[in-house]
Amino acid sequence: MRADGASKAAGQAGAGGSAPATAAGSPQTAGTSQAPTAPAAAAAPEGAAMPDAAGLLRVGAGLPRGHDVSSHQKRIDWAAARAKGARFAYIKATESTGYRNPYFSGQYTGAREAGLIRGAYHFARPDRSSGARQAAYFVRHGGDWRADGWTLPPALDIEYNPYDAQHKCYGLGRNRMVRWIRSFSDEIKRETGRRPVIYTTAQWWRLCTGNSRAFSSSHALWIARHGTSRPGALPGGWRYWTFWQYGTKGRLPGDQNLFNGPLSRLRVLARGR
């Protein structure tokens with residue numbers, strides 16, 4: 001993904017991965033508007049899917065395809081995207097507490113009308129304000145959730161600082177970063193009843209949280225890793241991924257993603273049960 005107005009965060013390609021459509025379509029300028037299913041006994045994050053027996057992914061091997069977009073994609077032909085195989089989408093809603101994707105409403109509504117299961121994501125700026133404050137802003141401007149079977153859990157895009165390469169972790173130490181993410185998650189849970197999906201790269205998570213395992217049992221993982229045939233070793237104690245952003249270009253507008261399970265499991269994730 002891409003922070004609005006910023007180029008792709010450094011160190012995300014290849015083994016590191018890249019960000020959601022923020023990287024593929026995030027804010028333009030901050031401050032302006034603009035896999036089989038998890039066994040019942042598995043201690044999995046809500047709605048998450050389990051890997052196959054080998055723990056590996058065969059790209060495109062029957063898994064639901066999707067994409068993440070932002071203001072960079074502007075007006076999208078959602079019917080055409082569905083015809084090309086899209087079954088889900090994440091759409092950037094907000095960044096920090098001063099940016100709203102000006103195309104969000106049309107993108108979000110358009111995806112649903114085309115028959116896609118869709119959700120919203122927030123591009124985190126831990127250097128700007130608290131996690132709780134950003135979560136509340138996100139929920140007010142598109143990040144809410146409804147148990148209608150068509151709305152994915154809110155997602156947090158937390159990755160390399162695209163505005164300052166000298167402060168990849170936004171000036172926060174590892175413990176403070178973990179507390180920031182927890183604050184965001186707790187507010188999302190309080191307001192929507194769901195824990196957010198966490199979008200990140202393995203490299204960033206290790207560097208900026210110290211490979212914290214505090215979220216793996218309760219949060220679905222959206223891992224970014226580009227240009228490879230597998231999502232690679234997962235960070236932070238996660239045993240499996242739920243979404244994999246595997247490329248920034250492809251048949252669908254924005255970044256290219258897969259869901260780690262059948263479409264029926266994706267609907268379970270959307271319903272929350």
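Given the structure is predicted, the values throughout are model-derived calculations rather than measurements.
Here the shortest heavy-atom pairing between H219 and P196 reads CD2-O, 3.3 Å. The two residues G254 and V69 make their nearest non-hydrogen contact at CA-CG1, 4.3 Å. Pairing each heavy atom of G143 with each of A120, the nearest pair is CA-CB, 4.2 Å. Considering every non-hydrogen atom in both A79 and A114, the closest pair reads N-CB, 4.0 Å. Closest approach of G149 to A270, counting heavy atoms only: O-CB, 3.6 Å. Between Q107 and K74 the shortest heavy-atom distance is NE2-O, 2.8 Å.
Not a single donor-acceptor pair under 3.5 Å links the side chain of N175 to the backbone N or O of G173. Listed for the W204 side chain is a donor-acceptor partner under 3.5 Å among the backbone atoms of E159. A distance-only check finds no donor-acceptor pair linking the side chain of W78 to the backbone of G115 [under 3.5 Å]. A donor-acceptor pair under 3.5 Å is absent between the side-chain atoms of D255 and the main chain of H67, judged by distance alone. The main-chain N or O of R195 is never found under 3.5 Å from a side-chain atom of S185 such that the two would form a donor-acceptor pair. Checked by atom type and distance alone, the side chain of R251 pairs as donor or acceptor with a backbone atom of K84 at under 3.5 Å. Checking side-chain atoms of R128 against main-chain N and O of S96 turns up no donor-acceptor pair under 3.5 Å. Panel note: side chain Q134, backbone A124; no donor-acceptor pair is recorded below 3.5 Å.
Taking 4.5 Å as the limit, some side-chain heavy atom of Y246 sits within range of a side-chain heavy atom of R65. Taking 4.5 Å as the limit, some side-chain heavy atom of L221 sits within range of a side-chain heavy atom of P235. Looking only at side-chain heavy atoms (C-beta outward), I188 and F138 come within less than 4.5 Å of each other. Within the 4.5 Å cutoff, the side chain of L156 has no heavy atoms near those of the T200 side chain. In this structure, the side chains of D144 and E191 stay at 4.5 Å or more apart for every pair of heavy atoms. By the 4.5 Å heavy-atom criterion applied to side chains, P126 and I158 are counted as neighbours. Between Y103 and Q73, the closest side-chain pair of non-hydrogen atoms is not below 4.5 Å. A 4.5 Å side-chain heavy-atom check between P154 and V139 finds every atom pair outside the cut-off.
Judged by the 6.0 Å distance and 45° axis criteria, R118 is positioned over the aromatic ring of Y108. Geometric assessment of R267 against the ring of W150 yields a positive cation-pi assignment under the 6.0 Å and 45° thresholds.
Here the options are F259, Y121, F243, the test is ring-ring contact (aromatic ring centres under 6.0 Å, His included), and the partner is Y90; only F243 passes. Among the candidates N101, T94, T97, the single residue satisfying the side chain to side chain contact (heavy atoms under 4.5 Å, CB included) test with H141 is T94.
Ring to ring, H122 and F184 are close: their centroids are under 6.0 angstrom apart. Y170 and W180 have their aromatic ring centers separated by at least 6.0 angstrom. When ring centroids are compared, Y99 and F123 stay outside the 6.0 Å threshold.
Distance check, rounded to the nearest 0.5 Å: CZ of R182 to CZ of R179 gives 12.5 Å. Between the CG atom in N257 and the CD1 atom in I223 there is a gap of 11.5 Å [rounded to 0.5 Å]. Note that CZ of R271 and CZ of R146 are 15.5 Å apart. Values are rounded to the nearest 0.5 Å. Atom CG in N260 sits 11.5 Å away from atom CG in L266 (nearest 0.5 Å). Atoms OG and CD1, from S216 and I198 in turn, are 9.5 Å apart once rounded to the nearest 0.5 Å.
Environment of CZ in R133: sparse, with no more than 12 heavy atoms of neighbouring residues, nucleotides or ligands closer than 6.0 Å. Within 6.0 Å of CZ in R140 there are more than 12 heavy atoms belonging to other residues, nucleotides or ligands.
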*Please lay out, stage by stage, how Q245 and R225 fare under the test side-chain contact (heavy atoms from CB on, under 4.5 Å).*
CA-CA 6 Å; Q245 186 193 81; R225 189 172 193 247; over 6 Å; no
*Under the side-chain contact (heavy atoms from CB on, under 4.5 Å) rule, what do W222 and D157 come out as? Steps first, then yes or no, please.*
CA-CA 9 Å; W222 182 359; D157 175 3; over 6 Å; no
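Shown here are the side chain to side chain donor-acceptor pair (under 3.5 Å) partners of D164, two or more places apart in sequence or in another chain: H167. With sequence neighbours excluded, the residues satisfying side chain to side chain donor-acceptor pair (under 3.5 Å) with T209 are W205.
Taken together through direct or relayed side-chain contacts under 4.5 Å among Ile, Leu, Val, Met, Phe, Trp and Tyr, W145 and L116 form parts of separate hydrophobic clusters. No single ILVMFWY cluster, assembled from side-chain heavy atoms under 4.5 Å apart, contains both Y137 and I91. Under a hydrophobic clustering in which Ile, Leu, Val, Met, Phe, Trp and Tyr are joined whenever their side-chain heavy atoms come within less than 4.5 Å, directly or via other members, L252 and L63 fall into different clusters.
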